[in-house]
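Here's the structure, in structure tokens; my notes come after.
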2 protein chains.
Amino acid sequence: MLISLTLFLMLEEKLNNFVNRCKEIGLKITPQRIAVYEVLLKSENHPTVEEIYEKVKEKYPYVSLATVYRTLETLEKIGLAKKVCFWGNSARYDANVSEHHHLICEICGKIEDIELDQNLNIPENLKGFKTEGYSVNIYGICPECLNRNS
Amino acid sequence: MLISLTLFLMLEEKLNNFVNRCKEIGLKITPQRIAVYEVLLKSENHPTVEEIYEKVKEKYPYVSLATVYRTLETLEKIGLAKKVCFWGNSARYDANVSEHHHLICEICGKIEDIELDQNLNIPENLKGFKTEGYSVNIYGICPECLNRNS
DNA sequence: TTCCGTGCAAAAATTTTGCATCATC
DNA sequence: GATGATGCAAAATTTTTGCACGGAA
């Protein structure tokens, strides 16, 4: 109960932040944009474009898949979403843009965000690259797949 | 000179190993398979399927893209290649299947293998996942893109 | 009113599949 | 000779794009 209230406030805050960012940059605030971002914020896993589209359609049946693609691209451009490394053949998105890591099931492809208590010390210059950050993908088998296969 | 000789020997060894694996499992050894694997082994970067296809075509002009797709899938299945996390929209492959890490250019998408002198200590059990390994993606800007944009 | 964003449909790009033929074993 | 792999073409999937219209500023 308390948790869901907290989550709700976070959601509101993030949506407000989004609206402000849009105003700043001169992007128009449309219901579709809000809806796409809201669906992404509410997603526990890292949804594919198609999955986001389906969710948005529940609220706006006439929304177009192209709009979802374009909105996700916009969100990525303004730094509110990230395309994540994917397992299958379609792009997945994540609204968690803080530096974090992923736990990936090698069987079903499920991806969970994860915090690590250890840090890597990455030099600013590696093989001539100017480095900017890193993310760790941990591979394994998720609880559901472990059960199913035993 | 010495280096290229060493590389050549490694290549021969890996190709031999591949042939043996095929015999073991009952896969037929075809020129196309060898060619695809050889191209992948020789690639410095992590080529897309299309890029591999183009290279293989230089030697076997009648090769089909479908064969390249199927061969890469086979290579992955027998553990001699890996689909890597990708940046753009098409799959990339890597013949380096040992545990290693990636340095990724955020502008052009180039991916380089990299060794790290630090290790993360990953618990065997994380959020119910049975973990099996990890890889680190370091993001940054490659020397060429740094030059181009300055 | 001015534009940007949207929906729609078509196109492009990527990947998979069915099937007859061919090559390896 | 049997079987599995290949090439080709078609289909399926995923993503992008052009353009006219509508809605936000």
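As the structure is a prediction and not an experimental result, all values here were calculated from the model. Throughout, a chain's letter reflects where its sequence line sits, starting with A, and its residues are numbered from 1. Atom set for the values below is all heavy atoms of this structure, side chains included, hydrogens, waters and symmetry mates excluded.
If you find the closest nucleotide of DNA chain C to B:Glu73 and to A:Tyr62, the one lying nearer the 5' end belongs to A:Tyr62. Nearer to the 5' terminus of DNA chain C, by closest-nucleotide assignment, is the contact made by A:Pro31 (compared with the other of A:Pro31 and B:Ile29). Along DNA chain D, the nucleotide nearest to A:Glu50 and the one nearest to A:Ala66 differ in position, and the one closer to the 5' end is contacted by A:Glu50.
Taking the side chain of A:Ser64 as heavy atoms from C-beta on, and the options C:dT15, C:dG7, D:dT3, the nearest nucleotide is C:dG7. With distances taken from any side-chain atom of A:Leu65 to the nucleotides D:dC8, D:dT15, D:dA24, the minimum falls on D:dT15. When each of C:dT6, D:dA5, C:dC3 is scored by its nearest atom to the side-chain atoms of B:Arg33, the top-ranked nucleotide is D:dA5. Nearest to the side-chain atoms of A:Val63 among the listed nucleotides C:dT14, C:dG7, D:dG23 stands C:dG7. In this structure, of D:dT15, C:dT15, C:dG5, it is D:dT15 that holds the atom nearest to the side chain of A:Ala91.
Checked against the 6.0 Å centroid threshold, B:Tyr134 and B:His101 count as a close aromatic pair.
Taking the side chain as every heavy atom from C-beta outward, A:Leu80 and A:Tyr37 approach each other to under 4.5 Å. Side-chain contact between B:Val84 and B:His102 is present, with at least one heavy-atom pair separated by less than 4.5 Å.
Taking atom CD1 of residue B:Ile78 and atom P of nucleotide D:dG4, one finds them 16 Å apart after rounding to whole Å. Regarding A:Asn20, its CG atom lies at a distance of 12 Å from the P atom of D:dA25, rounded to whole Å. Computed from coordinates, the A:Ile52 CD1 to D:dT14 P distance equals 14 Å when rounded to whole Å. As rounded to whole Å, 9 Å separates atom P of C:dT24 from atom NZ of B:Lys28. What separates CD of B:Glu76 from C1' of C:dT15 is a distance of 14 Å, to the nearest Å. Taking atom OH of residue B:Tyr60 and atom P of nucleotide C:dC22, one finds them 19 Å apart after rounding to whole Å. Atom-to-atom, NZ of A:Lys57 to C1' of C:dC8 comes out at 13 Å; the value is rounded to the nearest Å. We find that CG of A:Leu27 is positioned 15 Å from C1' of D:dG23, with the value rounded to whole Å.
In this structure, A:Thr30 does not reach the D:dG23 phosphate: none of its side-chain N or O atoms is under 4.0 Å from OP1 or OP2. Within the 4.0 Å cut-off from OP1 or OP2 of D:dG7, at least one side-chain nitrogen or oxygen of B:Gln32 is found. For D:dT16, the OP1/OP2 oxygens have no side-chain nitrogen or oxygen of A:Tyr69 closer than 4.0 Å.
A:Arg70 contributes a side-chain N or O that forms a donor-acceptor pair with the base of C:dG7 under 3.5 Å.
Heavy atoms only, all atoms of each residue included: B:Cys145 and B:Cys105 are closest at SG-SG, 3.8 Å.
Checked by atom type and distance alone, the side chain of A:Lys127 pairs as donor or acceptor with a backbone atom of B:Asp113 at under 3.5 Å.
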